[in-house]
Peer 1: 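Quick one: this structure, given as structure tokens, is what I'll be asking you about.
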Amino acid sequence: VQLQASGGGLVQAGGSLRLSCVASGGTFSRLTMGWFRQAPGKEREFVAAIKWRDGSTYVAGSVKGRFTISRDNAKNTVYLQMNSLKPEDTAVYYCAANRASTFSAFGYGEWGQGTLVTVSS
């Protein structure tokens, strides 16, 4: 599975961005797709995940109520809608695929290239 993430950019605090992750080269129905982020000097953080088969989702407490994950089966694309962005959301965001149907933060074997989100105050 190959993953291509896009949609990052510079936004003011309080603004919104939607990240996209296009998957190709495999069968996706059994995958769990996740979004992670890594800010400078910090550890990677598991942000959200969605099970491709049934669309069930997980969103981390740090972004709950502001971020939403969704998928478009026809486009083989997973989205991360980010609203009410804060400067602390600044990070490189990565999409990743897990071949297990799980909301664990572990087991992600395929990764996209990352897209930078910068939130100015």
Side-chain angles (χ1 to χ4, degrees):
V1 176
Q2 291 79 48
L3 304 173
Q4 181 74 33
S6 63
L10 174 64
V11 63
Q12 289 188 332
S16 298
L17 280 176
R18 188 178 75 162
L19 306 183
S20 300
C21 177
V22 180
S24 62
T27 301
F28 313 124
S29 61
R30 295 190 177 189
L31 296 179
T32 302
M33 301 295 295
W35 284 99
F36 293 76
R37 67 184 182 184
Q38 188 162 22
K42 294 189 176 181
E43 294 188 355
R44 188 172 62 196
E45 180 184 6
F46 182 40
V47 176
I50 186 166
K51 294 182 180 180
W52 209 293
R53 181 187 297 275
D54 63 8
S56 56
T57 62
Y58 163 84
V59 178
S62 59
V63 301
K64 208 163 195 174
R66 301 189 296 122
F67 289 15
T68 304
I69 187 170
S70 63
R71 76 192 189 315
D72 185 328
N73 288 345
K75 296 182 178 180
N76 292 340
T77 301
V78 174
Y79 302 101
L80 185 68
Q81 178 67 44
M82 307 185 294
N83 298 329
S84 303
L85 283 162
K86 305 175 181 179
E88 51 263 44
D89 294 319
T90 295
V92 177
Y93 284 71
Y94 299 90
C95 65
N98 192 329
R99 295 185 182 273
S101 180
T102 175
F103 288 137
S104 170
F106 302 97
Y108 284 84
E110 284 86 19
W111 293 80
Q113 82 286 9
T115 184
L116 176 63
V117 172
T118 304
V119 184
S120 63
S121 57

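Heavy atoms only: backbone and side chains are in, while hydrogens, waters and symmetry mates are out.
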Peer 1: Are Phe67 and Tyr94 linked, directly or through other ILVMFWY residues, by side chains that come within less than 4.5 angstrom of each other?
Peer 2: no

Peer 1: Output yes when a side-chain donor or acceptor of Arg44 lies under 3.5 Å from a complementary backbone atom of Gln38, and no otherwise.
Peer 2: no

Peer 1: Keeping to residues at least two apart or across chains, list the ring pair (Phe, Tyr, Trp, His ring centres under 6.0 Å) pairs with something in residues 3-38.
Peer 2: Phe28-Trp52, Phe36-Phe46, Phe36-Tyr108, Phe36-Trp111

Peer 1: Hydrophobic side-chain clustering at under 4.5 Å (ILVMFWY, transitive links): who's grouped with Leu10? Put none if nobody.
Peer 2: none

Peer 1: Sequence neighbours excluded, which residues qualify as side chain to side chain contact (heavy atoms under 4.5 Å, CB included) partners of Ser70?
Peer 2: Tyr79

Peer 1: Locate the shortest heavy-atom distance separating Ala97 from Leu31; write the atom from each residue and the value.
Peer 2: CB-CD1, 4.2 Å

Peer 1: With rounding to the nearest 0.5 angstrom, report the OG1 to CD1 distance, Thr32 to Ile50.
Peer 2: 9.5 Å

Peer 1: Do Tyr58 and Val47 come within less than 4.5 Å of each other through their side chains, counting heavy atoms only?
Peer 2: no

Peer 1: Considering only residues two or more places apart or on different chains, which pairs with a residue in residues 61-106 satisfy disulfide bond (SG atoms under 2.5 Å apart)?
Peer 2: Cys21-Cys95

Peer 1: With sequence neighbours excluded, tell me which residues meet salt bridge (Lys or Arg N to Asp or Glu O under 4.0 Å) with Arg53.
Peer 2: none

Peer 1: Using modelled atom types and a 3.5 Å cut-off, is there a donor and acceptor pairing between side-chain atoms of Asp72 and backbone atoms of Val78?
Peer 2: no

Peer 1: Any salt bridge (charged side-chain N to carboxylate O under 4.0 Å, His left out) pairs touching residues 3-16, not counting sequence neighbours?
Peer 2: none

Peer 1: Kindly write out the residues that satisfy side chain to side chain contact (heavy atoms under 4.5 Å, CB included) with Ser6, not counting sequence neighbours, or none if the list is empty.
Peer 2: Ser20

Peer 1: Suppose we screen for side chain to side chain contact (heavy atoms under 4.5 Å, CB included). Which residues come up paired with Ser56, at least two apart in sequence or across chains?
Peer 2: Lys51, Asp54, Phe103

Peer 1: Shared ILVMFWY cluster between Met82 and Val11, side chains joined below 4.5 angstrom?
Peer 2: yes

Peer 1: Can you list the residues that meet the side chain to side chain donor-acceptor pair (under 3.5 Å) rule with Arg99, with sequence neighbours excluded?
Peer 2: Glu110

Peer 1: If I take atom CD from residue Glu88 and atom CZ from residue Arg37, how far apart are they, to the nearest 0.5 angstrom?
Peer 2: 8.0 Å

Peer 1: Can you sort out the partners of Ser101 under side chain to side chain donor-acceptor pair (under 3.5 Å), two or more places apart, ordered by chain and number?
Peer 2: none

Peer 1: Identify whether Val63 and Tyr93 are in the same connected component of the hydrophobic contact network (ILVMFWY, side-chain heavy atoms under 4.5 Å).
Peer 2: yes

Peer 1: Hey, what do you get for OG (Ser24) to CD (Gln2), rounding to the nearest 0.5 Å?
Peer 2: 4.5 Å

Peer 1: Which pair of heavy atoms, one from Leu80 and one from Ala48, lies closest together, and at what distance?
Peer 2: CD1-CB, 4.0 Å

Peer 1: Side-chain donor-acceptor contacts of residues 114-121 below 3.5 Å, not counting sequence neighbours, with atom names and distances?
Peer 2:
unit_1, atom_1, unit_2, atom_2, d
Thr115, OG1, Gly8, N, 3.0

Peer 1: Test your reading of the model: is there a side-chain donor-acceptor pair from Gln4 to the backbone of Gly112, 3.5 Å cut-off?
Peer 2: no

Peer 1: Could I get the full list of side chain to side chain contact (heavy atoms under 4.5 Å, CB included) partners for Gln81, not counting sequence neighbours?
Peer 2: Ser16, Arg18, Thr68, Asn83

